[in-house]
Amino acid sequence: MLVVGCIHGNECEGMVVVNALLRTHPREDLWLLPDLNPDGYDVRRRLNANGVDLNRTFPNGRQPETRVAVAVIKRLHPDVTIWFHQAENRVRAWGGSEAVARRYARLSGMRYASVKWPSGAATRWQNTALHEKSFVVELPAEALDPWQIEAQVRAVLGVATAG
């Protein structure tokens with residue numbers, strides 16, 4: 001399983017979840033990528049330093065962050081990838097990833113929605129071209145409290161255990 005904490009620099013509360021997993025549950029079957037957009041995160045901006053929305057550039061984007069993510073995903077070929085975003089406060093997926101996303105929603109206590117992937121999204125590429133399960137966890141807008149962090153950690157681990 002691959003878990004990405006931040007792809008949009010102003011939607012990075014998922015980094016808190018990934019860092020909690022790194023500290024408390026290091027496991028060989030979890031690949032944890034806290035921040036895919038460090039320049040955007042530094043200035044709290046959705047786009048990278050080149051002004052590009054990284055989650056609209058898969059798989060053939062020229063941005064270095066996209067190339068790194070594509071290489072990692074192709075090398076790992078994860079059974080499941082979780083992409084943290086904000087601030088819809090729901091889990092969303094489409095197609096072959098709906099069952100695992102619904103499970104994550106139940107385990108985390110979040111709402112679920114079936115939403116088609118936008119063009120160029122990492123989830124669209126993983127689901128259609130690579131036939132991998134990949135979905136989005138849209139965290140709430142505000143900072144997560146300790147209980148919410150633990151709920152997200154439990155949901156990640158619960159999905160990882162289920163395979």
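One-based numbering along the sequence shown.
A distance of 9.0 Å separates OG1 in T81 from CZ in F135, rounded to the nearest 0.5 Å. Expressed to the nearest 0.5 Å, how far SG of C6 lies from CG of N37 amounts to 6.0 Å. Of the inter-residue distances, the one linking L107 atom CG with R102 atom CZ reads 14.0 Å to the nearest 0.5 angstrom. Separation of atoms CG (L2) and CD (Q126) is listed at 7.0 Å; rounding is to 0.5 Å. Here the straight-line distance linking atom OG1 of T66 with atom CG of L36 works out to 7.0 Å at 0.5 Å rounding.
A distance-only check finds no donor-acceptor pair linking the side chain of N127 to the backbone of G96 [under 3.5 Å]. Q86 places a side-chain N or O within donor-acceptor distance of the main-chain N or O of P140, the cut-off being under 3.5 Å. Of the possible polar contacts, none joining the Q152 side chain to the I149 backbone as a donor-acceptor pair under 3.5 Å is found. A donor-acceptor pair is defined here as one N or O able to donate and one able to accept, closer than 3.5 Å; no such pair exists between the side chain of N89 and the backbone of M110. Side-chain N or O atoms of T57 include one that pairs as donor or acceptor with a backbone N or O of L54 at under 3.5 Å.
Both L30 and V159 are assigned to one and the same hydrophobic cluster, defined by single-linkage of ILVMFWY side chains at heavy-atom distances under 4.5 Å. When the side chains of ILVMFWY residues are joined at heavy-atom separations under 4.5 Å, either directly or via intervening members, V72 and V4 end up in a single hydrophobic cluster. Grouping the Ile, Leu, Val, Met, Phe, Trp and Tyr side chains by contacts below 4.5 angstrom, directly or via other members, places W83 apart from L47.
The side chain to side chain donor-acceptor pair (under 3.5 Å) test with Y112 singles out one residue from E98, R106, R103, and that residue is E98.
Counting only heavy atoms from C-beta outward, the side chains of M1 and P78 never approach each other to under 4.5 Å. The side-chain heavy atoms of R92 and T123, taken from C-beta on, include no pair separated by under 4.5 Å. Residues V156 and V18 fail the side-chain proximity criterion, which asks for heavy atoms closer than 4.5 Å. Annotation: side chain of R90 is in contact with side chain of V115 (closest heavy-atom distance under 4.5 Å). The closest side-chain heavy-atom distance from W125 to I73 is below 4.5 Å. In this structure, the side chains of V80 and Y104 stay at 4.5 Å or more apart for every pair of heavy atoms. You'll find the side chain of R124 stays beyond 4.5 Å of the side chain of P118, heavy atoms only.
Screening residues 56-71 for salt bridge (charged side-chain N to carboxylate O under 4.0 Å, His left out) gives no qualifying pairs among residues at least two apart or on separate chains.
Figure legend: R44 and Y41 shown as a cation-pi pair, the cationic atom lying under 6.0 angstrom from the six-membered ring centre and within 45 degrees of its axis.
Members clustered with V43: none, using a 4.5 Å side-chain heavy-atom cutoff among hydrophobic residues.
For the residue pair D53/H8, the side-chain donor-acceptor check at 3.5 Å is satisfied.
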